[in-house]
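This report refers to the structure that appears directly beneath it.
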2 protein chains.
Amino acid sequence: MATGRTHRPATRSRGIPEATVARLPLYLRALTALSERSVPTVSSEELATAAGVNSAKLRKDFSYLGSYGTRGVGYDVEYLVYQISRELGLTQDWPVVIVGIGNLGAALANYGGFASRGFRVAALIDADPAMAGKPVAGLPVRHTDELESIITDNGVSIGVIATPAGAAQQVCDRLVAAGVTSILNFAPTVLSVPEGVDVRKVDLSIELQILAFHEQRKAGEETSPAQETAVAAAAQPRSGTGVRPAAGGRKGPDGDVPAVMPA
Amino acid sequence: MATGRTHRPATRSRGIPEATVARLPLYLRALTALSERSVPTVSSEELATAAGVNSAKLRKDFSYLGSYGTRGVGYDVEYLVYQISRELGLTQDWPVVIVGIGNLGAALANYGGFASRGFRVAALIDADPAMAGKPVAGLPVRHTDELESIITDNGVSIGVIATPAGAAQQVCDRLVAAGVTSILNFAPTVLSVPEGVDVRKVDLSIELQILAFHEQRKAGEETSPAQETAVAAAAQPRSGTGVRPAAGGRKGPDGDVPAVMPA
DNA sequence: GAATGTGAAAGATTTCACAGCG
DNA sequence: CGCTGTGAAATCTTTCACATTC
């Protein structure tokens, strides 16, 4: 995360905790909804509920931004929308390119949330010549050959990678070389980037695996409510289905790594 | 705190920290890759690099699972793959349903990582009658009317919601009522679920907004230093994380942002 | 000699709880 | 009063550094 590191003991100027930054979009969304319903003010309690967090956390988060509330009353919706937008840098236009226009890329291109919040899809890029020119979400798909010029001409600094895992690193390198400094990666690969470039990853199978972990746990407690200390209650999950041998079993075909991302 | 629940720190039996659970899939992926290359053993250092974390953290993570390494040598790849898979509950088959078959739903259905790691797409469900019967990723799309029976008949406990924001809560309620206890939500909405149901959220615009925040920051400081190309594998301070927004969000969670999710 | 496993220190985040302002 | 803003306490995570084991 390219943050910590460096020299400066503290970028004191504005040390907003990373955890708080990650929640600001959540608050912003809830606030936008309120704004559209013309609600003038909200209490930390109400807003917290709408955003899915608890009020103490929300107030603490806001305290890092400044004192934008009014005691005894709450927060002014419009004002807060503006302050958070500004803090997140959404008051300016961010052109982004999406590389890899398969199902996922197309889904992203059509995603309304993009345009509605300061992000503008500057171009859709795909390596398949057959895709070139075909319109997706109203934009003609451009060929990978044009990647560098597109980045440069549009001043793009944020790139979205939705290619198969095998092409991700290469695409990443080209994006970075062309000037992109922030990447949202959907390919199941760990990308190597030079210092100064931020990468955020969205990985479907990881999310599912985390759910499976908790699901498995639930299944195990079901039967024995009590909690056995120790006991490797591995848990035999619900009746469900059969089961795969697994054990020393060979790694299945394609693990994740060579995984294939729709593209 | 929205919920009154005072349930114990859950995670009782085997206290594996949530942060560690979230990284296990990462290790598993790296290990699977090594396994396919027939690499017999790895050191914490090597594996950590491949997974994009540092070795101390990796060793600490593994220490929660047990002592599966050999001092002076490292870890046996196959053995570790098995142990982590078991811990995550991937040695069994998890049938999942995907609701909302638009671009995103189709992308998910075609996502290779799904099937390869213990997850099996039991059914694709969409509310559009015109979609019914159409094959997507080799499976015929089923109509929402069948949702309950599909869940029941297949013993599905994990559901993926890829519908527009407006339909998410309703779909969620039906899934839960039918027996689903883990949900992966792609719709930009905070879902209200009863206690005991886990919800994980993947939100594209949030990820982009977080990137924008850092991007904006960069623009404001000419970091000249760092020429040290230190192949940084960006880590990502996962926000909230798993398990839990239970509790009733009063307010109408529906409307939410005008955001539109492809569906 | 090499690399794991792990107490203990250092940090970061969350939660408490209440003083203080409108 | 009602609700924000915030020190301080409680938790959770990460990092250190080294004894321990192969």
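In what follows, chains carry the letters A, B, and so on, assigned in the order in which the sequence lines appear, proteins first and then strands, with residues in each chain numbered from 1.
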Separation of [X] atom [atom1] from [N] atom [atom2], in whole Å?
X        : N       : atom1 : atom2 : result
Asn54(B) : dA3(C)  : CG    : P     : 16 Å
Arg59(B) : dA3(C)  : CZ    : P     : 10 Å
Leu58(B) : dT13(D) : CG    : P     : 17 Å
Asp61(A) : dT6(D)  : CG    : P     : 13 Å
Leu65(B) : dG5(C)  : CG    : C1'   : 12 Å
Tyr75(A) : dC3(D)  : OH    : P     : 12 Å
Tyr64(A) : dT4(D)  : OH    : P     : 17 Å
Lys60(A) : dT11(D) : NZ    : C1'   : 14 Å

**Q.** Minimum-distance nucleotide (side-chain atoms of Lys57(A) versus dC21(C), dT21(D), dT15(C))
**A.** dT15(C)
Q: Would you indicate which nucleotide in dC16(D), dT21(D), dG2(D) comes nearest to any side-chain atom of Arg71(B)?
A: dT21(D)
Q: Provide the closest heavy-atom pair for Ala168(A) versus Ile161(A) in the form atom of the first, atom of the second, distance.
A: O-CD1, 3.9 Å
Q: Please determine, by modelled atom types, if Ser205(A) and Arg29(B) share a side-chain donor-acceptor pair under 3.5 angstrom.
A: yes
Q | Near-ring test Tyr68(A)/Phe62(A), centroid separation under 6.0 angstrom | A | no
Q.
Does dT4(D) have its OP1 or OP2 closer than 4.0 Å to a side-chain nitrogen or oxygen of Ser44(A)?
A. yes
**Q.** Toward the 5' end of DNA chain C, by each residue's nearest nucleotide, Pro17(A) or Gly72(A)
**A.** Pro17(A)
Q. Tyr82(A) versus Leu80(A): any side-chain heavy-atom pair under 4.5 Å?
A. no
Q: May I ask you to say what Phe62(A) touches in the nucleic acid, namely base, sugar-phosphate or nothing, with a heavy-atom cut-off under 4.0 Å?
A: nothing
